[in-house]
Structures are given as structure tokens and as C-alpha cells.
2 protein chains.
Amino acid sequence: MDASINLEPLRQTFTLKERIYQVLREAILEMDVYSKNTDLRLDERKIAQQLGISRTPVREALVRLENENLIEIKSRIGVFIKKRSIDEVAELVVVWAAIESMAARLACGQVSQEEVEELELIGVKDTSENQDVYSEANIMFHRKILELSKCNMLKKIGEDIFAQIEPARRHAMRDPTRTEQSISDHAEIVNAIQSNQPEKAANLVREHTLRLEKYIRKTWKNLDT
Amino acid sequence: MDASINLEPLRQTFTLKERIYQVLREAILEMDVYSKNTDLRLDERKIAQQLGISRTPVREALVRLENENLIEIKSRIGVFIKKRSIDEVAELVVVWAAIESMAARLACGQVSQEEVEELELIGVKDTSENQDVYSEANIMFHRKILELSKCNMLKKIGEDIFAQIEPARRHAMRDPTRTEQSISDHAEIVNAIQSNQPEKAANLVREHTLRLEKYIRKTWKNLDT
DNA sequence: GATTTTTCTCTGGTATACAAAAAACCAGAT
DNA sequence: ATCTGGTTTTTTGTATACCAGAGAAAAATC
């Protein structure tokens, strides 16, 4: 029966709570949480009003965000964007290192030449002249490793954790001298993956990421009390 | 004023959505999801009615459970307990291996003699006569490793992932011959941690857990379509 | 004026009512 | 008997209304 037209499923996921969740999540992640004069309070009612809807779907979105540790709902007091402590962030980086390291290990021996080249292109090119460009490329490099693991769960959980780290990472990362070190690290990692050395690749990635942990601990600017 | 009755604080973290969340979560995790005649549907109203409350807090609990991947809320169709595919479970075990391996690595060099003994007690004693006892001890052993890492995030995320694996693990684990292998693995792991060999401990834990992955893939009884 | 008590407001928590979409049902035509 | 089409029922999504606790402001007390 190949004659029938075979249309796509057309899954209409048009629920408000879903859209609000995404909007709020993005807004929170892009906000400079650690700046002094940022209002960390979220008001259900105000949000609902601004979006022209009722509180119910907003609340459901907030519950979800709380479950992802991005906000904190204090009963009968208020909803607040969570500002992670240096310890929490550092620990999250450790988890991230664990996951990323496993991803690199898995990537070995199952990547095409083409994929390695993509990875190299992202991670090794010199971006030191521009801090933002470097930062972006850095993220992409680590994302790509997760992807090359071909393990969807690893990728998904890795990205979730990264989302929690990201605001703090932006806060701490201000030192351009780190760039060159990072690029040479990346080159080594690419090399290990390409030459199918899982143990080495895993170790390199782990140490590379744990270096970020040390760095964050060292340069953390304690803006909050 | 010692004359007044001075009651206890009555720790009132008593929000319904929180309690419902916990109740439902436990119920779902203990349920044999993979059995043929298990009703995978959850009815908001029925749950609310059974608990004698309104739908609202039930829904918020459900949103949270969905965010944890334990259930799926299909818009305007219904709420269903999620039955993970073998591939998803296997991938989750890989993530778990990554985290647990890092935990073992961190545990090295920061555990007391006492803690090592606790770990040994849990993981090495012969429990092969009783499958359930063995299974329970096995879980405890891995929990303990997460704990000894002294990294709260590692522990928390590790346990979250384990919760997602657990139903499938129970489903697949039926082979008692695995027990002795497991115990000797555990002994080696304890030994590596005790003698402060991070690299070795990490490798042992990883391979031990990845063996579970292979095992699950092999013995998976495909009860669903 | 300082401290305690009271009140009042603000905010999230819960219940209920209504709307909309999917699924089940049913009757008539073929 | 089966298919088709509309209709009813069921179930979720959203809106609204009300409740209760926490904290601030105001009032009373010393």
C-alpha cells in the first residue's frame, strides 16, 4: 500500500503550561542572576497578567521549574529565582565532568572522520580575540562531545546539568588568559577521540572539566551576602 | 512563663502537592510496570477523589512527576505511567555508571576506616540465598558509594537516575547466578577505595555497572509490544 | 521612645466552575 | 454486518473564587 499519501502525525502540543514553561526557563537562564540589582522574585499573578492568562498554567510551569532547581517556591512567601552557591555549582561541575567524560569514552571508536572534523572545527579554532565567541564555541564543543557519544540520555542529562551551571559559569568566566590553555586541551581531546583511545579521552575530558571547577572556586566573585 | 503548655513546633511543610507527589512517586516506583495487566493510566479525578481533595494539587504533583520522566501527560488524552524501552533503560544505566564511577573516584582518599567497613559490610556479605535480600543489599552498596563521595549533587542526581532504572532492573533481574560475581566485584571495589587507588576504583565501578547494562539487554523479557 | 500586640495586606495553596478536545457511542444508510 | 456521520460522554486544560499563612505596618502598651 505505498500509494497512500502518508501524512505526518501533526502533534499539536499547544498547551499553555508548556509554552509558559519554555518562556520562563529561557528568561531565567539568560538573566544575570548574580548581579546585585536583579529582582529574584517572580510573582505568579503578575506573570499571568502580563501574559494575559490565568494563574493555573503559570503555576504548573513554576512547579516544573522548581523541580529543575531553577527556582524556589516558598509556600505563602513567594517564588524566587535560585542563586546557586559556589559549592553547589562546583559540585554540579563535578557531575558534569563525570558525564562528559563517559561521553568522550563512548565517542571513541564510533565516530566518523567527518564528525571528528566537525568537533575539531568547533573546539580548536582560535577564538581568543573575543571572549563571547570563545565562550560560545566552548559550549558547542562540549555539546558536540555529548552528541558524539550517541547516547541520548547522556546528552539530555548532560545538557540539563549544564543549564544549571551556565549562569554561574558566565558569572565566573572573565579571565581571557584561560583561552589558550583551553584550546590546547581541546586539541588533545580531539586527538584522543580520533585515534580511538577511550581511556585517554575520558581522562582528558574529566581533567579539563575539573579544571573549570577549580577555576570557578578561585575566581568566584561573591556578590551576594 | 512555664505555665503555658508549650507545644512542639509542628513542622508544617504540609503542602498537599508535596505529599501527593511523594505518595504517587512511591506508588509508581513500587508498581510492576512491566507486567501485562497493569493499568498504566492515572486518573486525576479518581486520585483526587480517593485522597479527598481537589484536582489542583494532584495536577501539580503530576506535572512534577512528568518532569522526572516517570509519567507522561498526553494533552487532553490522559496521564500514563511511563514504561521505558530497553534502550532507554540501558542508556540510563550508562549515565549511572558515569556518575557512580566518579563517586568512587572521589571517595578514595577521603573515607575513614569506619566508612570503608560500613561499605564492606553492606556489599560483601553473602546474600545469595535470598534474591530479595541480595537485591536490597546491592542497592545499598551503590547508594553508599554515592554517599562516600561527599558530593551532594552527585548523590542526588545519581539517586534520581537510579529511581528511573529501578522498575526495569527489577524486571530484568532474575538470575541468581549473578550474585557471586557481583559480590567479588564489590570486594575488589572496597579494596580499591580502601587502598586509595582512585583510577582503579573508578574503573571497577564503571565496568561493574556497565555489566549490568549488558545483562539487562540480554535478559530483557519483552512483555510489551 | 521602645516594645509588644494587633490588624491588614500580600502571596501562594486549594477548591470549584467552565471550556475544549478526544474518545465512545449510536443510529441510519449501504 | 459494516461503514459513516453526527452526538454524547468523558477527561483534561484553563479561569475564577476563596482560603490561610507570613510579614509588614499600625496601634496599643509600658
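We name chains A, B, ... by the order of the sequence lines, and we start the count at 1 in each one. Computed from a predicted model, the values in this text were never measured in an experiment.
Comparing A/G78 and A/T56 by the nucleotide of DNA chain C whose heavy atom lies nearest to each, the residue mapping closer to the 5' end is A/G78. Along DNA chain D, the nucleotide nearest A/I77 and the nucleotide nearest B/V79 are compared for position; the residue whose nucleotide lies closer to the 5' end is B/V79. Residues A/K17 and A/R55 both approach DNA chain D. Their nearest nucleotides, taken by heavy-atom distance, put A/K17 toward the 5′ side.
Atoms CZ (A/R41) and C1' (C/dT11) sit 7 Å apart, rounded to a whole Å. Here the C1' atom of nucleotide D/dG23 and the CZ atom of A/F80 are 11 Å apart, to the nearest Å. In this structure, B/K74 atom NZ and D/dT10 atom C1' are separated by 17 Å, rounded to whole Å. At whole-Å resolution of the value, CD1 in B/I73 and P in D/dT14 are 11 Å apart. Look at CD on A/Q49: it is 14 Å from C1' on D/dA15, rounded to the nearest Å. Note: CD (A/E72) to C1' (C/dG12) measures 14 Å, nearest angstrom. Atoms CZ (B/R19) and P (C/dT14) sit 11 Å apart, rounded to a whole Å. If you measure from atom CG of B/L51 to atom P of C/dT14, you get 12 Å, rounded to the nearest angstrom.
Classification of the A/H208-A/H142 ring pair by plane angle, with boundaries at 30° and 60°, yields parallel.
Applying the 6.0 Å contact sphere to NZ of A/K46 captures no more than 12 heavy atoms from other residues, nucleotides or ligands.
For B/E66, there are no salt bridge (Lys or Arg N to Asp or Glu O under 4.0 Å) partners, not counting sequence neighbours.
Taking every side-chain heavy atom of A/E44 into account, C/dG12 is the closest of C/dT14, C/dG12, D/dT12. The side chain of B/R76 lies closest to D/dT12, out of D/dT16, D/dT12, C/dG12. Which of C/dG12, C/dT14, D/dT12 sits closest to the side chain of A/D43 comes down to C/dG12. With C/dG12, D/dT10, C/dA15 as the choices, the nucleotide that has an atom nearest any side-chain atom of B/R45 turns out to be D/dT10.
Within the structure, a side-chain polar atom (N or O) of B/S54 is placed less than 4.0 Å from OP1 or OP2 of C/dA15.
B/E18 and B/Q22 share a donor-acceptor pair across their side chains, judged by distance under 3.5 Å alone.
Using a 4.0 Å heavy-atom distance criterion, B/L42 is classed as a sugar-phosphate-only contact. Across all strands shown, A/E60 has no heavy atoms under 4.0 Å from either base or sugar-phosphate atoms.
Side-chain atoms of B/Y215 do not come within 3.5 Å of backbone N or O of B/W220 as any donor-acceptor pair.
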